[in-house]
Number of protein chains: 2
Amino acid sequence: MGASVTSRALAVLGAFDAEHRSLSLTDLARRADLPLATAHRLVGELHRWGALAREPNGDYVIGRRIWQLGLLAPVQSGLRQAASPFLHDLYGTTLSTVHLAVRDGLEVLYIERLAGHVSVPVVSRVGSRLPMHATGVGKVLLAYAPEEVRVEALRHLTRITAYTITQPARLLEQLRRVRAEGYATTGEEMSLGACSVAVPVRHGDTVVAALGMVVPDLRRQLPRLVSALQVAAHGIGRTLAGSASVQWK
Amino acid sequence: MGASVTSRALAVLGAFDAEHRSLSLTDLARRADLPLATAHRLVGELHRWGALAREPNGDYVIGRRIWQLGLLAPVQSGLRQAASPFLHDLYGTTLSTVHLAVRDGLEVLYIERLAGHVSVPVVSRVGSRLPMHATGVGKVLLAYAPEEVRVEALRHLTRITAYTITQPARLLEQLRRVRAEGYATTGEEMSLGACSVAVPVRHGDTVVAALGMVVPDLRRQLPRLVSALQVAAHGIGRTLAGSASVQWK
DNA sequence: GGCTCCTTTCCGTTGAGCGGAAGAGGATTA
DNA sequence: TAATCCTCTTCCGCTCAACGGAAAGGAGCC
């Protein structure tokens, strides 16, 4: 068991997520799986430092200090900056929700998003993670991921909607097609009523991110969307190549 | 001395700032004032959890996990959202650098910024802190801060440029004027060649933030800028009042 | 090879962290 | 008013995890 103080402190921080932005001490202890007295001590220290803040009602939230640190993370700097104008362009011409994601471990991490007005149920948020096998950007990232990642990811194809692909063979076949055709699609595999298209963003010849779009229906406009996405992805890639030092593993 | 494990782990995180986004283990140990072996162990744990990431060259940077957590911090949600459109409007009509800041302890914390092309040396960044007595937004926030904050802040008027105000009496007089006239100005007090104007942003009748602008010269256009800022600040305040639950202490 | 600088591993000692338990505060119910 | 049920905070003696000096392992340079 991770019983080190550090891991416990981190477990406290890890108790927060998009659905739990504010937690009482007791909740925090429960979610971090710590004895109350221990949680109390850790939380106190985190609070004193500014990693946590208290709301008027006494609940804890992530503090400004963490927010500041987060801004220093390189997730954003290079890629987000480079992508920003292209995302805006894309949004301008398609008026659909567009987003940019990277692979983090076996999940997709959304690092930028522009939300459309259109009424499509969009589950992604900036900073949220989703499984790779049920999202457009995920399929792209998986298609170009190292072999061992793909193998591992195929072992956990959890069902989300009735349309989620849960057979490894079928997904593998799709990934082969993604590589061949240069784009991925989904049809209500993550949430009903939402389809998506995505293309890889390259820096040199490695795929560093995926650029995706969510729409209510694909059939009519697929070619148009794919080419718009590819143009944008190309532009982002060019910007990246042009900028000074970029650091992806 | 802060010798607790938690405080040491936090010291490691605290070693990062805008000027030190990437640090080697040795640097990290030096900056956090920890023995190398200790730093090594802590950094290892932080890295394993995702609080830190490694660059190709082995240096450490803030990891994605922290970035994600930062997005959950309430600093942004309410205020930033409410302010965003007004900042864009302001930028559109003035084409100057505009920014939004809150008070955090005895410093100003910039939470949003739109940078102009104009060649003015702007030192603020989103997430950075600056002293209150040498910035426009700082003077505003100080003018409306609780008495004890003002007393404490006046004890450390460190000189930054030749124009920085370092006499408590002079600053107090200015703060009185800020309250009377509803805006604050600076003239090269933070960096040479940069002047600023700022106004308070109110939520109900408490000042929750300050809205500021940086320009090369104020004399010509002061009234115009002040009224533009005040209109925007008002708008933000109204949006805040309208939105559901807002949590500032 | 010999040097310097950085990273990683080892391991015996010791004091910081642990957490059950008890107390304090507050809200709701009877 | 007292009883009940929360969650939060403090206490304190035991123990095991964290500590860090030292030494080994790399990597790069002259």
Side-chain angles (χ1 to χ4, degrees), chain A residues 1-17 19-63 65-66 72 74 245 247-249, chain B residues 1-17 19-63 65-66 72 74 245 247-249:
Chain A
M1 280 254 167
S4 78
V5 198
T6 313
S7 69
R8 287 168 175 219
L10 293 173
V12 168
L13 293 180
F16 292 91
D17 64 29
E19 285 77 43
H20 302 86
R21 290 169 175 249
S22 118
L23 295 166
S24 71
L25 177 62
T26 315
D27 292 341
L28 223 32
R30 224 192 317 278
R31 287 177 58 86
D33 194 26
L34 293 173
L36 208 88
T38 305
H40 181 256
R41 193 164 16 86
L42 288 175
V43 163
E45 255 178 308
L46 291 169
H47 179 227
R48 222 162 299 127
W49 189 76
L52 297 180
R54 300 196 82 161
E55 296 200 313
N57 67 21
D59 283 4
Y60 291 92
V61 291
I62 296 292
R65 205 73 181 265
I66 295 283
L72 302 177
S245 69
Q247 62 305 52
W248 337 97
K249 62 164 179 189
Chain B
M1 279 253 168
S4 78
V5 198
T6 314
S7 70
R8 287 167 175 218
L10 292 173
V12 168
L13 293 181
F16 291 91
D17 63 29
E19 284 77 44
H20 302 87
R21 290 170 176 249
S22 119
L23 295 166
S24 72
L25 178 61
T26 316
D27 292 341
L28 221 33
R30 225 191 317 276
R31 287 177 58 86
D33 194 25
L34 292 173
L36 230 130
T38 305
H40 181 255
R41 193 164 17 86
L42 288 176
V43 163
E45 254 178 306
L46 292 169
H47 179 228
R48 222 162 300 127
W49 189 77
L52 297 181
R54 301 196 81 163
E55 298 200 311
N57 67 21
D59 282 5
Y60 291 92
V61 291
I62 295 293
R65 205 73 182 265
I66 295 283
L72 302 177
S245 70
Q247 62 304 52
W248 338 98
K249 61 164 178 188

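Below, read A as the first sequence line, B as the second, and so on, with proteins coming before strands; counting in each chain starts at 1.
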Who are the side chain to side chain donor-acceptor pair (under 3.5 Å) partners of [X], not counting sequence neighbours?
X	result
A/Asp59	none
A/His20	A/Asp17, A/Arg31
B/Arg48	none
A/Ser24	A/Asp27

For this session: Could you tell me which non-hydrogen atom of A/Leu23 sits nearest to which non-hydrogen atom of A/Ala15, and how far apart they are?
Result: CD1-O, 3.6 Å

Problem set entry | Taking every non-hydrogen atom, the tightest pair across B/Tyr60 and B/Phe16 |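 Shortest heavy-atom separation between B/Tyr60 and B/Phe16 comes out as O-CE2, 3.3 Å.
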
Problem set entry | 5' to 3' contact window, DNA chain C with chain B (heavy-atom distance under 4.0 Å) |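 Using the under 4.0 Å cut-off, the span is C/dC6 to C/dG17.
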
Exercise. What pairs with A/Val5 under side chain to side chain contact (heavy atoms under 4.5 Å, CB included), at least two apart in sequence or on another chain?
Worked result: A/Leu42, B/Val5, B/Thr6

Problem set entry | With sequence neighbours excluded, residues passing side chain to side chain contact (heavy atoms under 4.5 Å, CB included) with A/Ala53 |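 Side chain to side chain contact (heavy atoms under 4.5 Å, CB included) check on A/Ala53 returns A/Val61.
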
Exercise. For B/Thr38 and D/dC19, is the shortest distance between a side-chain N/O and OP1 or OP2 below 4.0 Å?
Worked result: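 Looking at the OP1 and OP2 atoms of D/dC19, neither is under 4.0 Å from any side-chain N or O of B/Thr38.
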
Exercise. If an axis is fit to five pairs at each end of the helix from C/dG1-D/dC30 to C/dA30-D/dT1, what is the angle between the two, to the nearest 10°?
Worked result: 40°

For this session: Could you check if a side-chain atom of A/Leu46 sits within less than 4.5 angstrom of a side-chain atom of B/Leu10, using non-hydrogen atoms only?
Result: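 Yes, their side chains come closer than 4.5 Å.
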
For this session: Any chance you could list the contact pattern along nucleotides 4-9 of chain D? Use B for base contacts, S for sugar-phosphate-only contacts and - for none, protein heavy atoms under 4.0 Å, 5' to 3'.
Result: ---SBB

For this session: Without swapping roles, check the side chain of A/Arg65 against the backbone of A/Trp49 for a donor-acceptor pair under 3.5 Å.
Result: yes

Exercise. Want to settle it: does A/Arg41 or A/Val5 sit nearer the 5' end of DNA chain D, counting the closest nucleotide to each?
Worked result: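 Its nearest nucleotide being more 5', the pick is A/Arg41.
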
